[in-house]
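What's counted below: heavy atoms across the whole structure, side chains too, no hydrogens, waters or symmetry copies.
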Amino acid sequence: MDTKRSHFSGRIGFVLATAGSAVGLGNIWRFPYLAAQYGGGIFLFVYLILVVTFGFALALGEAALGRKTGLSAIGAFRKLNKKYAFIGYIGALVPIIILPYYSVIGGWVMKYLTVFATGQTTLAANDTFFSTFIAQTAEPIFWLGMFILITTLVVFLGVEKGIEKVSKILMPLLVVLTVGIAVYSVTLPGSWDGFLYYVTPDFSRFSLKTVVGAMGQLFYSMSIAMGIMITYGSYMRKEDDLEKSISQIEFFDTGIAFFSGMMIIPAVFAFSGGDASSINAGPGLMFMTLPKVFASMPFGSIIGALFFLLVLFAALTSSISLMETVVSIFCDKFKWSRKVGTIVVFLFTLIIALPSSLGFGIWSAIQPLNMSFLDFFDFISNSILMPIAALLTCLFIGYIIKPKAIVDEITQSSEFKRKNLFIVMIKYIAPIFILIILISSILGTLGIFTI
């Protein structure tokens, strides 16, 4: 089984595919919101520190587990210690839950891309356009199906011919679009104050919420505890420099997050007259606030179309990694071929995505935990399962197989320059951080502590 496993053609393929996984909707709609709400430059400063410490240790540990075993999440933990295979099952649930509702949002992005590309900017900026669209039955499901189909076709082609090749095209385009729109954004009248707010650390605005918000964002942004890093690590060749690869993934992911903030914060500042609180979170930012901003801009239809094309690229690179992870888990578990696994996952995703789509329309009366289906699945995966899986992974590496097992894997291909940092983070600091994230996420949902 291991000898037939697919591989990336080299380190660049791994870096671009994994960076594509990390760069997703969270970078574009969550990072700018958190940066705006929690101090601008000071949030950015804290986030960068956490990237090279907390994020580095978790991402490297998971990728090394995958490369060491040559298996996806469930198989990796079982191979190293059968007693702890349950950690792999918890991690495997995350992409299985996320992929369907993420595809619903991907369908929304495709809809908005067509709206702006056909010059319907004023229509998209209407207060009721978004809520009316998602409350429909047929059209959101059509776009959902299109998004899943594109994702499936890439995964169907395999690791090197599909995922790697598409990542090598989409990632450079995504970078060019992000930087281009960000530069345009800071040239808008009234945007400069927003840019200064975003990049200038004001230490008087530092708070516990700033740190927790930055930790949570990094946790989700880096594709940690989703089984993705383990799966992509299992496709990596033993001779490729693993530490350097993770550093480059951090650079890509952080760069896109930075330029996403530079795209959105100055533009909304200009639109709102300098009100940071007008930058709301999640779908509201992307599908309600930004269309109004684009409608007020010169060349708004063109900029809006380019923006949603960028968002589509980011959504696709993430959905591809999510689907690939699920396909890999099923194929490893049931010894299926890639073709069979991909078709099964396609059908499964389409069916499971229906409640998240219909939950804003004909099924809106059904509210698990007083949430829409989409918000409920997001809460279970992001706020509960991911922190638990990450915490257990840290304890597994730190105290069961010991950090030496990971160090030995990494030093097969290169010197491990940040070895001491990795050991301290994975054994002592990261578990505490993750517990804080888990507790704050639950309290936030209960309305006791808000991020």
- Query: Is the distance between the ring centroids of Y232 and F14 under 6.0 Å?
  - Reply: no
Residues 169-179, side-chain donor-acceptor partners within the protein, below 3.5 Å, at least two apart:
| unit_1 | atom_1 | unit_2 | atom_2 | d |
| --- | --- | --- | --- | --- |
| T178 | OG1 | L174 | O | 2.6 |

- Note on the structure: Checking T254, V46, L50 against L218 for side chain to side chain contact (heavy atoms under 4.5 Å, CB included), the one that qualifies is L50
- Can you tell me if S191 uses its side chain to pair, donor with acceptor, with the backbone of P266 under 3.5 Å? no
- Would you call the rings of F31 and Y47 parallel, tilted or perpendicular if under 30° counts as parallel and over 60° as perpendicular? perpendicular
- Query: Is it the case that K292 places NZ or CZ above or below the six-membered ring of F271, under 6.0 angstrom from the centre and within 45 degrees of the axis?
  - Reply: no
- Message: Main chain of Y197, side chain of T200: is a donor-acceptor contact present, judged purely on distance under 3.5 Å?
- Response: no
- Message: Would you say CZ of F258 has more than 12 non-hydrogen atoms from neighbouring residues, nucleotides or ligands within 6.0 angstrom?
- Response: yes
- The reported gap from CH2 in W108 to CE in M286 (rounded to nearest 0.5 angstrom) is 11.0 Å
- S21 and S223 side chains, donor-acceptor separation under 3.5 Å: yes
- Query: Do Y235 and E324 have a side chain donor and acceptor closer than 3.5 Å?
  - Reply: yes
- Query: Any luck finding a side-chain donor-acceptor pair between S72 and D332 under 3.5 Å?
  - Reply: yes
- Task: On the 0 to 90° scale, with breaks at 30° and 60°, tag the F308-F287 ring pair as parallel, tilted or perpendicular.
- Result: parallel
- Query: Under 3.5 Å, is there a donor-acceptor pair between the D241 and S413 side chains?
  - Reply: no
- With a cut-off of under 6.0 Å to the ring centre and 45° to the axis, is R338 in cation-pi contact with F156? no
For residues 348-366, run the donor-acceptor check on the side chains, cut-off 3.5 Å, and write out each pair with its distance to 0.1 Å, sequence neighbours left out.
| unit_1 | atom_1 | unit_2 | atom_2 | d |
| --- | --- | --- | --- | --- |
| T349 | OG1 | V345 | O | 2.7 |
| S364 | OG | G361 | O | 2.9 |

